[in-house]
Number of protein chains: 2
Amino acid sequence: MWSLADEMERWLKVMLEEAEERFIEIRRSELANHFSCVPSQVTYVLSTRFVPERGYRVISRRGAGGFIRIERLSEADLLDRLAEQVTGIVSEAEAVEILNHLYQAELLSEDASRHLDLLVSDEVLSLPPAVADRVRARMVLALLANI
Amino acid sequence: MWSLADEMERWLKVMLEEAEERFIEIRRSELANHFSCVPSQVTYVLSTRFVPERGYRVISRRGAGGFIRIERLSEADLLDRLAEQVTGIVSEAEAVEILNHLYQAELLSEDASRHLDLLVSDEVLSLPPAVADRVRARMVLALLANI
DNA sequence: CCTGTTTGACTATCTTTGACCTTTATTAAT
DNA sequence: ATTAATAAAGGTCAAAGATAGTCAAACAGG
């Protein structure tokens, strides 16, 4: 039921969990070999799953002795980055984007983010636009502080 | 006389009953094959029978490793009873009480209920009391419909 | 005749693969 | 010591493959 990409993602996340550091270093070709796939498959997994939106950063070096380092961003980093986006007013679209980031980064459960999506919607708030945007800003900031 | 769509609906519901989780995952083409019909027939059944109004949610993914997940939503009785309590206005205290009920009934995670508590608070909403009460009523009703 | 069902051609999305490219370290030649 | 070749990584991109979605026409039961 799961794709190779999914399995590789899970494997890498387990490695990260077990690592003492907040990062792991791999060899692209070795990993590809371990999963019996082409090396570019590793690149694909990294570029779709281990992106900043999901709370990861990847750096690499080519050439002999090359490597790929996958780093899990700290919760504080993520929250800070998101909080910076929040000004005094937040549109529904912005709020949804922030909630989605929190979900992708596993700082919110799927259920929670689905419920929160709803509560920040224009439809549920049913307030004059300018008011809604300010209420949403308070909601999002309160949430970020509450995680 | 039972249509193919009816049979497929019954079959899926049995699968859901028997599943340990609250959801099942299928392959559209496999199911179509099992019922000797075209894949889009599955889509038809899902979009007519497994909709939120009937207590189901469907999510899917395309591509290799693609799947369709059919999830049964929570029992509606408690939600209905709670929804009856909700009039056009809901105080902060009432909202918190309802959220607590949902948490006790395990229909909300601890995280979710904590976040929601915050977002329905007078402090975060910062609206004139009468307005806040009406906004909260919409929030709570939307939430009850979303669980 | 109406309504809901069934089908299939076409579309959208996600994954897998492979040929070709770039960067870095090491070794060989002068 | 410098430079040139070679080897050893990782990167890019587009094509092929694998699913699922859409929509409208044909069909069937009441």
Side-chain angles (χ1 to χ4, degrees), chain A residues 1-16 19 23-54 56-72 96-97 100-101 103-104 106 110, chain B residues 1-16 23-72:
Chain A
M1 189 66 89
W2 289 25
S3 65
L4 213 190
D6 292 331
E7 282 179 41
M8 193 180 290
E9 176 187 6
R10 280 198 305 154
W11 193 80
L12 288 171
K13 284 184 174 171
V14 168
M15 294 294 287
L16 269 164
F23 63 86
I24 55 175
E25 284 184 358
I26 58 164
R27 289 257 156 112
R28 194 175 77 142
S29 55
E30 276 179 15
L31 188 58
N33 201 47
H34 184 262
F35 281 90
S36 303
C37 64
V38 294
S40 55
Q41 177 77 330
V42 175
T43 307
Y44 173 72
V45 170
L46 294 178
S47 65
T48 54
R49 269 81 164 170
F50 293 86
V51 293
E53 287 71 37
R54 298 194 181 193
Y56 297 89
R57 181 168 32 171
V58 173
I59 62 176
S60 63
R61 217 180 57 186
R62 307 186 186 190
F67 62 88
I68 296 177
R69 173 183 299 186
I70 306 170
E71 184 183 354
R72 164 101 239 206
V96 167
E97 192 190 332
N100 188 43
H101 279 187
Y103 167 56
Q104 298 286 327
E106 292 171 20
E110 183 189 335
Chain B
M1 186 53 40
W2 300 100
S3 68
L4 176 53
D6 292 333
E7 282 179 42
M8 193 181 290
E9 176 187 8
R10 281 197 303 147
W11 192 79
L12 287 171
K13 286 184 174 169
V14 169
M15 294 293 288
L16 269 164
F23 63 85
I24 55 174
E25 284 184 356
I26 58 164
R27 292 235 147 127
R28 193 175 77 143
S29 55
E30 275 179 14
L31 188 58
N33 202 47
H34 185 262
F35 282 91
S36 303
C37 64
V38 293
S40 56
Q41 178 75 344
V42 175
T43 307
Y44 173 71
V45 170
L46 294 178
S47 64
T48 54
R49 269 86 163 165
F50 293 85
V51 291
E53 296 77 51
R54 299 204 187 187
Y56 297 89
R57 185 158 20 125
V58 173
I59 63 175
S60 63
R61 221 177 57 182
R62 307 184 188 194
F67 61 88
I68 297 177
R69 174 185 299 187
I70 307 170
E71 186 183 354
R72 187 166 37 82

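The figures that follow rest on heavy atoms only: side chains count, while hydrogens, waters and symmetry mates do not. All chains are named by letter (A, B, ...) in the order of the sequence lines, taking the proteins before the strands, and each is independently numbered beginning at 1.
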Here the distance between atom P of C/dG4 and atom CG of B/D6, to the nearest Å, is 12 Å
Taking atom types as they are modelled, would you say the side chain of A/R62 forms a donor-acceptor pair with the base of C/dT22 within the 3.5 Å cutoff? yes
From CD1 of A/I59 across to C1' of C/dT23 the rounded distance in Å is 16 Å
When B/A64 and B/L46 are each assigned the nearest nucleotide of DNA chain D, the 5'-most assignment goes to B/A64
- Query: Looking across every strand, which nucleic acid part, if any, lies under 4.0 Å from B/S29 by heavy atom: base, sugar-phosphate, or nothing?
  - Reply: sugar-phosphate
Cation over ring face, A/R72 and A/Y56, 6.0 Å, 45° = yes
**Message:** Taking 4.0 Å as the cut-off, does a side-chain nitrogen or oxygen of A/Q41 come that near to OP1 or OP2 on C/dT17?
**Reply:** no
Of A/V45 and B/R49, the one whose closest nucleotide on DNA chain C sits nearer the 5' end is B/R49
At a 4.0 Å cut-off to heavy atoms of chain A, the contacted part of DNA chain D spans D/dA8 to D/dT12
Separation of C/dT24 atom P from A/I68 atom CD1, nearest Å, is 14 Å
Heavy atoms of B/E71 and B/F23 approach each other most closely as CA-CB, 3.8 Å
Closest to the side chain of B/S40, out of C/dG8, C/dT5, C/dT17, is C/dG8
Correct closest heavy-atom pair for B/L4 and B/C37 would be CD2-CB, 3.6 Å
Shortest non-hydrogen pair, B/L31 vs B/M8, comes out as CD2-SD, 4.0 Å
| message | Categorize B/R69 for me: base, sugar-phosphate, or nothing, with a 4.0 angstrom heavy-atom threshold over every strand shown. | response | nothing
Whole-Å distance, B/L31 CG to C/dT7 P, equals 13 Å
* To do: Give B/G66 one of three labels, base, sugar-phosphate or nothing, depending on what nucleic acid heavy atoms sit under 4.0 Å from its own.
  => sugar-phosphate
A/R27 CZ to C/dT23 C1', in whole Å, measures 15 Å
Separation of C/dG4 atom P from B/E9 atom CD, nearest Å, is 14 Å
Rounded to whole Å, CZ of B/R28 lies from C1' of C/dT7 at a distance of 12 Å
Check: So, is A/Y44 near the phosphate of C/dT15, with a side-chain N or O under 4.0 Å from OP1 or OP2?
Finding: yes
Here the distance between atom C1' of C/dT26 and atom CZ of A/R61, to the nearest Å, is 13 Å
